[in-house]
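These notes concern the structure reproduced below.
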Amino acid sequence: MQIPTFTVDAFTDRPFSGNPAAVCLLESDLNEDVHQKIATEMNLSETAFIRKLHPGDDFTKSRCSGLQSLSVSSWSWLPPFPSASSHSFHLESELAPQGRLTGSCFGLRWFTPANEVPLCGHATLAAAAVLFHIRKNTNAVLTFVTLSGELKARRMEDHIVLDLPLYLTYPQLLQEVEDLIKAAIGDMVVQDLRYSPDTKKLLVRLSDAYERSVLEELQVNAQRFLSAEKTGKVKGLILTLKGNSSGKHKGHDFYSRYFAPWYGIPEDPVTGSAHAVLSSYWSEQLGKKEMLAFQCSRRGGELKISLRNDGRVDIAGQIAIVLKGNLTL
C-alpha cells in the first residue's frame with residue numbers, strides 16, 4: 001500500500017521554521033494500530049490523517065451534502081476515545097443549519113508519537129494546505145469532521161484561516177500547581193494563573209516586567225513536569241507574556257511557549273490549540289478581538305487571531321510545504 005505523505009511547516013512562510021506536521025491522505029481504511037505506528041515513525045509533534053467520508057468522494061472536490069446530524073460514534077473510522085462521548089455534543093451543535101455539513105468535507109484525526117489527541121491546530125492547517133495547494137481542492141472552504149466537532153478552513157490571500165472552538169479560562173489556585181510552576185519557571189514572577197478545563201491546559205502569565213527575550217531564553221526541562229504535576233488535571237502548560245508596544249519586536253500583542261510532555265511533546269513549536277485558549281484570555285485582558293501572536297519556540301511562528309461573535313475564533317497562518325512522497329506499507 002502506498003500512502004501519499006507530506007511534511008508541512010505551519011504558521012510560517014519559510015521552510016524549517018513554524019511547526020512541522022506530517023499529513024497522510026487515506027484512500028482506504030487502516031487498521032487502528034497502524035495510525036499510531038505511522039505517527040511514531042514520522043516522529044513529529046503531530047501526524048494528521050485525512051479520510052474520505054464516502055467511497056465516491058474526491059480529495060479535489062468532495063462535497064458535504066446529504067450528511068444529517070451525526071455524532072462522533074456514527075463514523076466507523078473514529079476509534080473508541082476516552083472523551084469521545086463528550087465531543088459528540090460539540091459535533092451535533094456545530095453543524096450547519098438543517099444539520100448539514102457544508103463545503104468540501106473530510107474526516108481528520110491527529111496523532112502525536114505517543115497517542116491520539118482531540119484537537120491540533122497546526123496539523124489542521126497543514127491538512128488544509130495539502131488539499132488546497134497539492135490536491136488543488138476547488139472549494140473555498142474545507143470542513144473537517146473531528147473528535148472536537150466540525151472544523152473549517154478557508155483560504156484568505158496567502159493565509160489559511162482555521163475556524164476553531166474558543167476555550168475559556170478560569171482562575172487557578174497557585175497552591176494546587178505550585179510544584180509544576182516551579183519546575184517550569186523556577187522563581188520567576190507570575191502575574192496571573194488560569195486553567196482551561198475543556199482543554200486541560202494551565203496558562204501561566206509571566207510578569208509584564210519581563211521582555212520577550214526572557215521567555216525565549218528560558219531553559220525548560222519539560223520531563224520534570226510529569227512528576228511535579230500532582231493534580232492529574234493538567235495535560236498542557238502555556239507560558240505567556242504581554243507583547244511590547246515599542247522596541248524591535250513591537251506589533252505582537254502577546255507571546256507564548258507551550259509544553260505537553262503528557263502527550264510525548266516536550267515543547268511544541270507553534271500550537272493552534274493553545275491559541276484557542278490564549279485568544280480568550282488575552283482578548284479579555286487587552287480588550288481586543290483582533291490580535292497578532294508570536295510563539296517563542298526555537299523555530300517560532302506567527303498567528304493572526306480574530307474572535308468571532310459566535311463563541312469561536314479564527315486563527316490564520318501561512319505554510320511551507322517541505323516534503324512530498326509516499327509511505328509504503
Side-chain angles (χ1 to χ4, degrees), residues 3 5-11 16-24 30-50 78-84 87 108-127 146-148 167 177 179-181 183-185 195-196 198-204 218-239 256-278 295-301 323 327:
I3 300 176
T5 303
F6 310 88
T7 299
V8 181
D9 291 341
F11 296 114
F16 315 125
S17 59
N19 199 352
V23 178
C24 297
L30 288 180
N31 291 335
E32 270 307 305
D33 64 325
V34 176
H35 296 83
Q36 188 61 67
K37 289 178 179 178
I38 291 173
T40 304
E41 182 77 10
M42 295 296 99
N43 200 31
L44 296 173
S45 59
E46 304 285 348
T47 297
F49 294 90
I50 306 175
L78 282 172
F81 190 82
S83 57
H87 290 289
L108 182 63
R109 297 169 69 180
W110 310 277
F111 287 76
T112 76
N115 53 359
E116 185 170 15
V117 293
L119 178 65
C120 179
H122 87 274
T124 305
L125 192 73
T146 79
L147 283 173
S148 286
Y167 295 109
V177 292
D179 289 346
L180 175 58
I181 292 175
I185 62 173
Y195 179 69
S196 166
D198 291 323
T199 65
K200 298 186 177 181
K201 290 177 172 50
L202 180 69
L203 184 154
V204 182
L218 181 64
Q219 300 296 310
V220 178
N221 181 358
Q223 292 304 315
R224 295 175 57 195
F225 298 177
L226 299 176
S227 58
E229 204 293 289
K230 297 180 174 63
T231 67
K233 69 180 187 179
V234 177
K235 298 300 179 184
L237 187 139
I238 302 168
L239 299 180
S256 67
R257 289 175 67 182
Y258 180 66
F259 307 89
W262 299 273
Y263 289 117
I265 305 169
E267 180 170 8
D268 200 34
V270 194
T271 316
S273 61
H275 282 81
V277 175
L278 285 160
Q295 192 157 330
C296 298
S297 65
R298 181 179 56 83
R299 293 173 64 103
L323 185 65
L327 186 66

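Throughout, residue positions are numbered sequentially from 1 according to the sequence presented.
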> Would you say the side chains of Ser297 and Glu267 form a donor-acceptor pair under 3.5 Å?
Replying inline: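 Per modelled atom types, Ser297 and Glu267 side chains form no pair under 3.5 Å.
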How about [X] and [Y]: do any of their side-chain heavy atoms sit closer than 4.5 Å?
{"X": "Tyr258", "Y": "Ser256", "result": "no"}
{"X": "Trp262", "Y": "Lys200", "result": "no"}
{"X": "Ile3", "Y": "Leu30", "result": "yes"}

At their closest point, which heavy atom of [X] faces which heavy atom of [Y], and how far apart are they?
{"X": "Glu46", "Y": "Trp110", "result": "OE1-CB, 3.8 Å"}
{"X": "Ala126", "Y": "Val8", "result": "CB-CB, 3.6 Å"}
{"X": "Pro266", "Y": "Ala222", "result": "O-CB, 3.3 Å"}
{"X": "Ala127", "Y": "Val23", "result": "N-CG2, 3.9 Å"}
{"X": "Cys24", "Y": "Thr47", "result": "SG-CG2, 4.1 Å"}
{"X": "His275", "Y": "Thr271", "result": "ND1-O, 2.8 Å"}

Nearest 0.5 angstrom please: [X] [atom1] to [Y] [atom2], how far?
{"X": "Asn43", "Y": "Ile38", "atom1": "CG", "atom2": "CD1", "answer": "14.0 Å"}
{"X": "Phe225", "Y": "Ile181", "atom1": "CZ", "atom2": "CD1", "answer": "10.0 Å"}
{"X": "Leu180", "Y": "Lys230", "atom1": "CG", "atom2": "NZ", "answer": "9.0 Å"}

So does [Y] get a backbone contact from the side chain of [X], meaning a donor-acceptor N/O pair under 3.5 Å?
{"X": "Glu229", "Y": "Thr231", "value": "yes"}
{"X": "Tyr167", "Y": "Lys201", "value": "no"}
{"X": "Thr112", "Y": "Ser45", "value": "no"}
{"X": "Ser148", "Y": "Thr146", "value": "no"}
{"X": "Arg257", "Y": "Val220", "value": "no"}

>> Testing Asn19, Asp9, Asp268 one by one against Arg299 for a side chain to side chain donor-acceptor pair (under 3.5 Å), which residue passes?
In response: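 Of the listed residues Asn19, Asp9, Asp268, the side chain to side chain donor-acceptor pair (under 3.5 Å) partner of Arg299 is Asp9.
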> Would Leu327 and Met42 satisfy side chain to side chain contact (heavy atoms under 4.5 Å, CB included), going step by step from the backbone distance to the final call?
Replying inline: CA-CA 10 Å; Leu327 186 66; Met42 295 296 99; 4.0 Å; yes
>> Going by ring pair (Phe, Tyr, Trp, His ring centres under 6.0 Å), name the residues that satisfy it together with Phe49, two or more places apart in sequence or in a different chain.
In response: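 Ring pair (Phe, Tyr, Trp, His ring centres under 6.0 Å) check on Phe49 returns His35, Phe111.
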